[in-house]
Amino acid sequence: MSQQSNAAATPSTSPSMVNWELAAKTAANLAPAGPALKGSEISAAVENLRLMAERSVPHVHEISRLEAARDLRDSEVLVVDRASWAKANTQSFAVMMDPVLRALAAKQALAAKESGGRPVQGSSSATFGATVTGAQLGGALAFLSSKVLGQYDPFAALAASNNGHQQAAGGRLLLVAPNIITVERELKVDPADFRLWVCLHEQTHRVQFAAAPWLRHHMMGEIEKLGTLLVGDSDNFGERLLQAAKQMGNKPGQAEKIAKDAAGQGPSRGGMLDLLQNPDQKAALSHLTAVMSLLEGHANVVMDGVDQRIVPTVRTIRQRFNSRGKDRGVIEKFIRNLLGLDAKMRQYSDGAKFVRDVVAVVGMDGFNNVWSQEKNLPTEAEIHNARLWVERMGL
């Protein structure tokens, strides 16, 4: 795919603990090539995806009953290739991690001052660490770039303003054309139907943030809160990270059991998320997990709310799409476990069950109270027991 956008602009550099520019370049260089297509085929696919993205919005409105779907001018839709998606995500990571990295830099500088040493910031060891971290992040994004069909980025405007670019006030929806084409070919499904089906999910995220304009800043605040808590416990974090790496070599299921025992409560979330030990850290992560489960689950419910009138081959698409992943290779399974991607998939199912259970009791209009204000967001316990949320809302 050669059609890209300024979504791939290089992120600005905050405290030099992560070389964001290197991360973007590494991701672009390592991102696997998409399917071989002629120039005319690329143009046709891009235009068709834009068309399907536009067509999906009225259906999102009909199913979700969110009036925000009528006017989405505060955000934009971009059709990108894998390298552009990966580069765009370095921007978002830079925005999300900026307050955390600044707090960690301040802590390290204070520690160096108190010990009589020179500040870590700007030293050769810090530069080396930033280079290694940037390269690692770039490699991870390159891997993920071939897996993601689409993504709504609510922090795009913040990233763009940091880089001096003009950007819609809200976020941006990225549709990764080569991945969508690859999957529709693998599944042997109707391209137009599959693209519309995918767009239903991704446009729902766009509508969610339009319906709850406070949600972007709320999530930023919660991410900063969790990051600050991790910074405060950074002395022990490296040791736990090393222990988690050792557990990756255990038999299937054994690492998860060890993590559950170490945590002392709740199911293992997988990957690096199991490193959290502090109760405040767990509480902050629990809230973010609940919010992400809500967003992903709601999008899945909307996507699955279509019938054959809207997507004629939807039954075939659902069946074949849900059976994907059974033949993953050992290396891919390892990386998915390390990054917590299977935990991400559990968010889809947990959140979807919550939405369906709430709607079954109070209807979609009753469920839509969730977008009104921060205190209406479900807790993680409520995600697993929708009746608790219904009762707390007085519905």
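Quick caveat: nothing in here was measured; it's all calculated off a predicted structure.
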pair Leu395-Val361: side-chain heavy atoms closer than 4.5 Å: no
Neighbour count >12 (heavy atoms, 6.0 Å) for atom CZ, Arg55: no
Backbone N/O of Arg318 and side chain of Asn322: donor-acceptor pair under 3.5 Å: yes
Heavy atoms of other groups near Arg392 CZ, more than 12 under 6.0 Å: yes
Steps toward side-chain contact (heavy atoms from CB on, under 4.5 Å) verdict (Val189, Trp197): CA-CA 11 Å; Val189 294; Trp197 190 66; over 6 Å; no
Single-linkage hydrophobic cluster, 4.5 Å side-chain cutoff, Leu388 and Phe367 together: no
Residues His384, Asp357; criterion side-chain contact (heavy atoms from CB on, under 4.5 Å); working and verdict: CA-CA 10 Å; His384 296 286; Asp357 288 349; over 6 Å; no
Ionic contact status for Arg50 with Glu54, cut-off 4.0 Å: no
From Glu67 atom CD to His61 atom NE2, the distance as rounded to the nearest 0.5 Å: 3.5 Å
Check: Ser146/Arg82 side-chain N/O donor and acceptor closer than 3.5 Å: no
Within 6.0 angstrom of Gln319 CD, more than 12 heavy atoms from elsewhere: no
Cluster check Val362, Met393: I/L/V/M/F/W/Y, side chain < 4.5 angstrom: yes
Non-hydrogen atoms of Val358 and Ala386 that approach each other most closely: CG2-CB, 3.7 Å
Flag for Asp350-Ser293: side-chain donor and acceptor within less than 3.5 Å: no
Asp193 and Val314, any side-chain heavy atoms less than 4.5 Å apart: no
Verdict with reasoning, Gln136 to Leu141, per side-chain contact (heavy atoms from CB on, under 4.5 Å): CA-CA 9 Å; Gln136 291 175 333; Leu141 286 174; over 6 Å; no
Plane angle bin for His201 and His205 - parallel if under 30°, tilted between 30 and 60°, otherwise perpendicular: perpendicular
Glu296 side, atom CD; Thr204 side, atom OG1 - distance, nearest 0.5 Å: 10.5 Å
Test item: Ser43 side-chain N/O and Ser40 main-chain N/O as donor-acceptor pair under 3.5 Å: no
Same apolar cluster (I L V M F W Y, side chains within < 4.5 Å links), Leu175/Leu51: no
Single-linkage hydrophobic cluster, 4.5 Å side-chain cutoff, Leu30 and Val80 together: no
Side chain proximity check, Leu173 to Glu76, heavy atoms < 4.5 angstrom: no
Expected output: side-chain Glu186 to main-chain Val183 donor-acceptor under 3.5 Å: no
Residues Asp280, Lys225; criterion side-chain contact (heavy atoms from CB on, under 4.5 Å); working and verdict: CA-CA 10 Å; Asp280 290 335; Lys225 179 193 297 183; over 6 Å; no
Hydrophobic cluster membership, Ile42 vs Val176, 4.5 Å side-chain cutoff: yes
Sidechain-backbone polar pair: Asp153 side chain, Gly171 backbone, donor-acceptor under 3.5 Å: no
Met219 to Phe155 - nearest heavy-atom pair and separation: CB-CZ, 4.3 Å
Between CG on residue Leu72 and CZ on residue Phe209, distance to nearest 0.5 Å: 13.0 Å
Point-to-point distance, once rounded to the nearest 0.5 Å, from NZ of Lys282 to OG1 of Thr289: 12.5 Å
Thr26 side chain to Ala23 backbone, donor-acceptor under 3.5 Å: no
Minimum heavy-atom distance Ala142-Ala31, with the two atoms named: CB-N, 3.7 Å
Asn89 side chain vs Trp85 backbone, donor-acceptor pair below 3.5 Å: yes
Tyr152 side chain near Ser75 side chain, heavy-atom distance below 4.5 Å: yes
Check: Met303 and Leu196 side chains under 4.5 Å, non-hydrogen atoms: no
Main-chain N/O of Ser145 paired with Asn179 side-chain donor or acceptor, under 3.5 Å: yes
Pair Arg315 + Asp307, salt bridge at N-O below 4.0 Å: no
Side-chain donor/acceptor of Arg172 to backbone N/O of Leu78, under 3.5 Å: no
Between CG on residue Asp190 and CZ on residue Arg195, distance to nearest 0.5 Å: 9.0 Å
Student check: side-chain heavy atoms of Val198 and Glu184 closer than 4.5 Å: no
Ring geometry between His218 and His287 (parallel below 30°, tilted from 30 to 60°, perpendicular above 60°): perpendicular
Closest heavy-atom pair and its distance - Gln203, Ser56: CG-OG, 3.1 Å
Working for ring-ring contact (aromatic ring centres under 6.0 Å, His included), residues His298 and Trp371: CA-CA 11 Å; His298 178 245; Trp371 312 114; 5.2 Å; yes
Considering all heavy atoms, the nearest Val291-Leu377 contact: CG2-CD1, 4.0 Å
Main-chain N/O of Glu382 paired with Thr379 side-chain donor or acceptor, under 3.5 Å: yes
Where Val302 and Ile63 come nearest, the two heavy atoms and their spacing: O-CD1, 3.5 Å
Note, Val311 side chain near Gln308 side chain (heavy atom, < 4.5 Å): no
Under 3.5 Å: donor-acceptor pair, side chain of Asn29, backbone of Lys25: yes
Phe354 side, atom CZ; Ile383 side, atom CD1 - distance, nearest 0.5 Å: 5.0 Å
Donor-acceptor pair between Asp81 and Ser84 side chains, under 3.5 angstrom: yes
